> 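Here's a structure for you.
Remember, it's 1-based here, ligands and their atoms both numbered in the order they're listed. Keep in mind it's a predicted model, so treat the numbers as computed, not measured. Hydrogens, waters and symmetry mates are skipped; everything else that's a heavy atom, side chains included, is used.
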Amino acid sequence: MAAQQACWGLLSTARINERLIPAIRASERSELLAVASRSKAKAQAYAQQWDIPQTYGTYEQMLADPAINVVYLSLPNHLHAEWAIKCTEAGKHVLCEKPIALTTAEVARMAQAAEKNGVIIQEAAMMRFHPQTQYLRELVANGSIGEVRLIRGVFTFTLENPGDIRLDVNMGGGSLWDLGSYCVSFARTVLQAEPIEVSAYHVGGDTGVDLSFTAQMQFSTGTLVHFFSSFQSFAHIEADLLGAQGRVYADIPWANHIGASANVWVTRSGAIEETSTFSDSMESHTTDTKIYENINAYQSEVDSMVESVLDGGEPVISLADSWRNVATIVALHESARTGKPVCPLKLTDELTRRC
Ligand SMILES: NC(=O)c1ccc[n+]([C@@H]2O[C@H](COP(=O)([O-])OP(=O)(O)OC[C@H]3O[C@@H](n4cnc5c(N)ncnc54)[C@H](OP(=O)(O)O)[C@@H]3O)[C@@H](O)[C@H]2O)c1
């Protein structure tokens, strides 16, 4: 019989869990049953803090618990594929933190394991569940600003914790995997298209990860995309789209500051009132503002996952979609390494292992 309830286990005591725990609790057909850590004492202290009934001192033990049918996987990036596959072998659905994996070969193995075991693995790229992303996607699809010529994005902050997993090259650290992955996903989903060629530069740090990354991507739609991600800059987030007949500015395109509002301004060209030599300053413009207040995209992410698990709803982010995001990121790394443009969809598995 199909499950009636999503019974969640947290795989790790990661900081990001703090966003998911309230969302799981607020989800009507969900229950938070357990947390697993590499240390039983850590799991117990965490469970006490967050009022979680069951604790496990190894990840394997939680996967052996038949009461759990959905795992929220919040391990460091290099462990996503390995543990997502183990979850599927234990018959659990998986909501796996972004980036879903570090190579396209890993994503392919995850897809095979999910299919074989009849479960879902979905990437927890929160932004994709935010209504603002859906709005921008529709706006572009409707041609509201005409053909999109350019998308620009910035996602930066100052990372001051020397032990952070984001600074460990063996854990899939670096600003591109951590922050730029959102910019890639944003452009792909808003344009509903794929990059055909990318080129990039990075600024490396002592630990071997990129501390700053700048990327150019040319999409099949003819749109050019530029973004900048960084761990060594003033905290800043923004995206804008420039179309043939208008522009869009989003002040919080890929983060969810709970309690804060996100704004989208859409400016379109109107009728030309009088002609001048270059028809420039004479154009009239209209600007619409859309404000997203008190949105919790983590809640939408959990609710959507529950719908897929219990009702068979199509996941918002398919593994094929995640595969293409990973392919693009790997191509960007390869371009920064070689100084040459790279075509993401022509990558081989061998290359993706090397990056
Ligand atoms: N969607 C979002 O908005 C968002 C935001 C932040 C982060 N993330 C993603 O969430 C994941 C976790 O990020 P985070 O910053 O929350 O991580 P974190 O606080 O550093 O926690 C990672 C957890 O992984 C476990 N772990 C297992 N092996 C480890 C190892 N060798 N070294 C360190 N920890 C290890 C640890 O749990 P135990 O000790 O309990 O086993 C640790 O608490 C990343 O994939 C990140 O990209 C997503």
Side-chain angles (χ1 to χ4, degrees), residues 9-24 34-50 52 55-63 71-84 86 94-102 106 110 121-130 133 155 157 159-186 207 209 229 231 235 237 252-258 262 295-302 304-305 316-317 322 325-326 329:
L10 307 176
L11 201 68
S12 98
T13 57
R15 286 164 295 173
I16 182 61
N17 293 1
E18 296 180 17
R19 292 274 190 257
L20 269 286
I21 292 171
I24 293 170
V35 59
S37 171
R38 293 167 297 172
S39 143
K40 180 74 176 170
K42 198 173 171 189
Q44 282 170 333
Y46 193 82
Q48 195 169 19
Q49 182 189 355
W50 290 98
I52 301 170
T55 60
Y56 292 103
T58 70
Y59 301 154
E60 287 87 352
Q61 282 168 0
M62 191 177 82
L63 298 196
V71 169
Y72 171 57
L73 197 161
S74 51
L75 294 169
N77 299 342
H78 71 302
L79 297 174
H80 289 178
E82 175 189 342
W83 282 97
K86 285 182 180 165
V94 192
L95 181 62
C96 178
E97 261 311 332
K98 46 58 58 175
I100 196 154
L102 299 175
E106 283 182 336
M110 292 163 93
I121 302 177
Q122 180 165 213
E123 185 171 16
M126 166 277 296
M127 169 203 77
R128 296 282 297 271
F129 300 86
H130 198 298
T133 309
F155 197 171
F157 73 102
L159 181 54
E160 282 167 345
N161 170 16
D164 199 288
I165 57 173
R166 288 160 185 74
L167 294 175
D168 190 326
V169 72
N170 296 316
M171 291 191 187
S175 82
L176 176 61
W177 283 116
D178 192 50
L179 306 174
S181 60
Y182 280 108
C183 307
V184 171
S185 183
F186 178 86
T207 65
V209 302
S229 61
F231 290 152
I237 299 179
I252 312 184
W254 32 63
N256 194 171
H257 300 156
I258 293 169
I295 299 290
N296 182 345
Y298 297 98
Q299 188 66 58
S300 313
E301 177 182 284
V302 166
S304 170
M305 182 72 187
V316 169
I317 310 176
S322 293
N325 220 58
V326 170
I329 294 167

> Distance-only, no hydrogens or angles: does the Gln122 side chain make a donor-acceptor pair with backbone N or O of Val316 under 3.5 Å?
yes
> Test of understanding: with side chain to side chain donor-acceptor pair (under 3.5 Å), list the residues that count as partners of Glu97, not counting sequence neighbours.
Tyr72
> Only counting residues at least two apart or in another chain, list the ones meeting ring pair (Phe, Tyr, Trp, His ring centres under 6.0 Å) with His130.
Tyr292
> Take the angle between the ring planes of Trp254 and Phe155 and call it parallel below 30°, perpendicular above 60°, tilted in between.
parallel
> Heavy-atom contacts with ligand 1 below 4.0 Å: which residues, ordered by chain and residue number?
Ser12, Thr13, Ala14, Arg15, Ile16, Ser37, Arg38, Lys42, Tyr59, Ser74, Leu75, Pro76, Asn77, Leu79, His80, Glu97, Lys98, Ala124, Ile165, Arg166, Met171, Asp178, Tyr182, Tyr298
> Return each pair, listed once, that meets salt bridge (Lys or Arg N to Asp or Glu O under 4.0 Å) where at least one residue sits in residues 175-185; pairs must be two or more places apart or across chains.
Lys98-Asp178, Arg166-Asp178
> Has the side chain of His80 got a donor or acceptor atom that lies under 3.5 Å from a matching backbone atom of Cys96?
no
